[in-house]
Protein chains: 2
Amino acid sequence: MTSRPPRERGIPEATVARLPVYLRTLQALQDRGTLTVSSEDLASAAGVNSAKLRKDLSHLGSYGTRGVGYEVRYLVYQISRELGLTQDWAVAIVGIGNLGRALANYGGFGTRGFRIAALLDADPTMVGRRVASLDVGHIDTLESVVRDKGVSIGVITTPAVAAQAVATRFVEAGVSSILNFAPVVLNVPDGVDVRKVDLSIELQILAFHAQRRNGDEDHGAEPAGLELT
Amino acid sequence: MTSRPPRERGIPEATVARLPVYLRTLQALQDRGTLTVSSEDLASAAGVNSAKLRKDLSHLGSYGTRGVGYEVRYLVYQISRELGLTQDWAVAIVGIGNLGRALANYGGFGTRGFRIAALLDADPTMVGRRVASLDVGHIDTLESVVRDKGVSIGVITTPAVAAQAVATRFVEAGVSSILNFAPVVLNVPDGVDVRKVDLSIELQILAFHAQRRNGDEDHGAEPAGLELT
DNA sequence: CCCACTTTGTGCGTGCTTTCACAAGCACGT
DNA sequence: ACGTGCTTGTGAAAGCACGCACAAAGTGGG
């Protein structure tokens with residue numbers, strides 16, 4: 001039994017969201033043969049403040065050496081372990097449209113740890129095709145696929161109208177981690193973790209800031225066609 | 001001249017990130033013929049707390065009626081205007097791989113307001129092909145395309161190694177809003193707004209929480225292959 | 001052995017975000 | 001005209017996140 005690191009349970013959510021960035025940066029350093037790195041250098045490569053980086057890492061325990069920095073190899077391992085990447089996660093993708101295919105073919109899932117175990121679609125003309133070395137299965141087999149392949153993460157790339165039904169089936173099949181690309185708010189029971197990735201939200205946020213930068217130069221004229229009732 | 005709403009400059013970032021969700025929810029209500037909605041109902045449809053929703057909307061001005069709720073139609077317009085969706089944003093996508101094609105074909109950009117103006121790629125065998133009713137152009141024409149088509153938002157769907165170079169060219173061509181799908185931290189000057197969308201980060205965050213839910217059952221055994229030096 | 005130098009880990013002040021709880025305001029029925 | 005009931009808008013408090021600045025801890029040279 002290894003001695004448990006002195007980290008307390010409860011890493012701040014904001015820190016968790018940055019750990020993958022640090023991990024990727026560290027792996028790039030490792031590939032370049034770097035053995036140790038200071039918080040200053042790592043932080044600037046990861047695009048954050050060095051104090052923030054040190055505080056983030058301090059939540060995992062004290063893995064640095066004062067006067068020297070962090071051992072890249074060791075830190076890679078500790079972050080991987082904390083994120084749960086030392087185990088193997090089976091992922092199922094539902095909705096094999098353009099986006100689903102793009103994800104299926106996106107081989108480098110950042111780091112290892114994730115394995116695409118199944119592709120499912122509702123369209124009969126899609127079922128049976130081979131995408132990224134996998135046969136596309138029919139959505140009706142979701143429950144058995146989840147069970148048989150040990151799927152623990154579900155990815156939804158269906159049209160918006162189908163997403164809630166797929167999410168519900170995932171949850172009832174025992175999947176409690178869902179990554180949703182469909183532009184809808186999913187309703188799931190407590191204990192199920194949903195993360196959403198939404199292109200149009202990101203664009204709208206960019207537009208907001210861009211408009212602000214431009215000084216709202218067009219706000220003098222209300223567009224025609226909106227009669228206030 | 002319309003009377004300027006009493007909103008002060010400076011909507012909190014957290015609020016801005018939620019406005020697109022409210023907007024989409026409201027549009028769904030509108031399509032269903034709903035005329036007014038209470039903060040309670042809208043909040044639950046958007047998946048947030050009703051007090052938060054009201055405070056968010058209060059930053060845009062007072063568009064509700066006590067005892068009744070919000071007029072759906074009017075609120076849709078106000079949020080659209082605040083987000084800058086009443087104008088037309090020209091978007092260029094660089095990197096027409098699986099993901100770039102998926103985005104190009106993703107017709108419904110949530111709401112209107114965004115128009116894909118150009119697709120660019122570095123691969124000569126891709127240049128000239130027609131994707132989503134547009135001819136794919138060569139990356140070397142980026143500067144002229146940005147100028148001629150008035151591109152104000154750049155989307156990067158290239159491999160990681162190419163992303164920084166594309167970002168730099170976008171910035172020098174005058175684009176100051178960038179949406180980055182490549183798994184790298186982009187380095188851009190102040191005043192340029194970069195948002196990133198990163199599949200593998202989202203998966204890793206899901207894995208972290210899933211592992212935590214499972215009670216870290218596997219942490220007893222250190223994997224072989226890591227000799228601590 | 002000691003001193004100068006480097007870099008980590010963290011206490012603390014500051015500002016942002018969320019949530020509660022309630023006064024203020026509006027509609028509607030009588 | 002007035003009271004009842006509902007819903008908004010917001011003050012205030014609690015919680016979280018960020019970043020400064022510095023003590024603690026290690027390295028290496030003399």
Side-chain angles (χ1 to χ4, degrees), chain A residues 5-19 21-22 25-26 29 34-75 78-79 82 205 208-209 228-229, chain B residues 5-22 25-26 29 34-75 78-79 82 190 205 209 229:
Chain A
R7 63 186 153 112
E8 315 112 61
R9 258 64 229 335
I11 296 180
E13 199 49 39
T15 295
V16 173
R18 283 186 294 265
L19 289 179
V21 178
Y22 303 155
T25 308
L26 284 162
L29 289 172
T34 309
L35 296 178
T36 62
V37 66
S38 70
S39 65
E40 197 68 52
D41 291 349
L42 180 54
S44 97
V48 301
N49 174 301
S50 71
K52 181 151 64 182
L53 172 71
R54 288 197 298 278
K55 187 156 287 186
D56 283 343
L57 294 183
S58 78
H59 287 114
L60 320 186
S62 290
Y63 297 139
T65 307
R66 296 171 192 229
V68 177
Y70 299 89
E71 193 194 344
V72 173
R73 198 173 131 66
Y74 188 53
L75 203 47
Q78 291 298 344
I79 295 178
E82 196 63 47
I205 296 172
F208 172 85
H209 292 299
L228 302 179
T229 47
Chain B
R7 63 187 152 111
E8 314 111 59
R9 258 65 228 336
I11 296 181
E13 198 50 39
T15 296
V16 173
R18 282 187 294 267
L19 289 179
V21 178
Y22 303 153
T25 307
L26 285 162
L29 288 172
T34 310
L35 295 180
T36 62
V37 66
S38 70
S39 64
E40 197 68 52
D41 291 350
L42 180 55
S44 98
V48 302
N49 174 302
S50 71
K52 182 149 65 179
L53 172 71
R54 288 198 298 277
K55 186 150 283 184
D56 283 344
L57 294 183
S58 78
H59 288 113
L60 320 186
S62 291
Y63 297 138
T65 306
R66 295 170 194 229
V68 177
Y70 299 89
E71 192 194 345
V72 173
R73 200 172 130 66
Y74 188 54
L75 203 47
Q78 291 298 344
I79 295 179
E82 196 63 47
D190 285 354
I205 296 172
H209 292 297
T229 47

*Quick one: is B:Ser39 getting a side-chain N or O under 4.0 Å of the D:dT7 phosphate, OP1 or OP2?*
no

*Counting just side-chain N and O atoms, does B:Tyr70 come under 4.0 Å of either OP1 or OP2 of C:dC26?*
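No, outside the criterion.
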
Can you check the [X] [atom1] to [N] [atom2] distance for me, whole Å?
{"X": "A:Leu53", "N": "D:dA17", "atom1": "CG", "atom2": "P", "result": "16 Å"}
{"X": "B:Asp41", "N": "D:dT8", "atom1": "CG", "atom2": "C1'", "result": "14 Å"}
{"X": "B:Leu60", "N": "D:dT10", "atom1": "CG", "atom2": "P", "result": "12 Å"}
{"X": "A:Glu13", "N": "D:dG15", "atom1": "CD", "atom2": "C1'", "result": "15 Å"}
{"X": "A:Leu57", "N": "D:dC18", "atom1": "CG", "atom2": "P", "result": "14 Å"}
{"X": "B:Leu75", "N": "D:dT7", "atom1": "CG", "atom2": "C1'", "result": "15 Å"}
{"X": "B:Asp56", "N": "D:dT8", "atom1": "CG", "atom2": "P", "result": "14 Å"}
{"X": "A:Glu40", "N": "C:dG9", "atom1": "CD", "atom2": "P", "result": "14 Å"}

Can you name the closest pair of heavy atoms from [X] and [Y] and give their distance?
{"X": "A:Tyr74", "Y": "A:Tyr63", "value": "CE2-CD2, 3.6 Å"}
{"X": "B:Ala43", "Y": "B:Ser50", "value": "CB-CA, 3.5 Å"}
{"X": "B:Ser39", "Y": "B:Leu53", "value": "O-CD2, 3.2 Å"}
{"X": "B:Ile11", "Y": "B:Glu82", "value": "CD1-OE2, 3.5 Å"}
{"X": "A:Val72", "Y": "A:Leu29", "value": "CG1-CB, 4.5 Å"}
{"X": "B:Leu42", "Y": "B:Val37", "value": "N-CG2, 3.7 Å"}

*asked:* I'd like to check B:Thr15 versus B:Arg18 (side-chain heavy atoms, cut-off strictly below 4.5 Å). Are they in contact?
replied: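 Side-chain contact under 4.5 Å: yes.
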
*Can you find a heavy atom in the side chain of A:Leu75 that is under 4.5 Å from one in the side chain of A:Tyr22?*
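No. Closest side-chain heavy atoms not under 4.5 Å.
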
Write down the protein N/O and nucleotide N/O pairs, taken from nucleotides 28-30 of chain C, whose separation is under 3.5 Å; answer none if there are no such pairs.
none

*Let me see the working for B:Leu57 and B:Ile79 under side chain to side chain contact (heavy atoms under 4.5 Å, CB included), right down to the final yes or no.*
CA-CA 9 Å; B:Leu57 294 183; B:Ile79 295 179; 4.2 Å; yes

*asked:* Generate the contact string for nucleotides 19-29 of chain D. Rules: B means base contact, S means sugar-phosphate contact only, - means no protein heavy atom under 4.0 Å.
replied: BBB--BBSS--

*Give the nucleotide from the list D:dG9, D:dA17, C:dG9 with an atom nearest to the side chain of B:Ser62.*
D:dG9

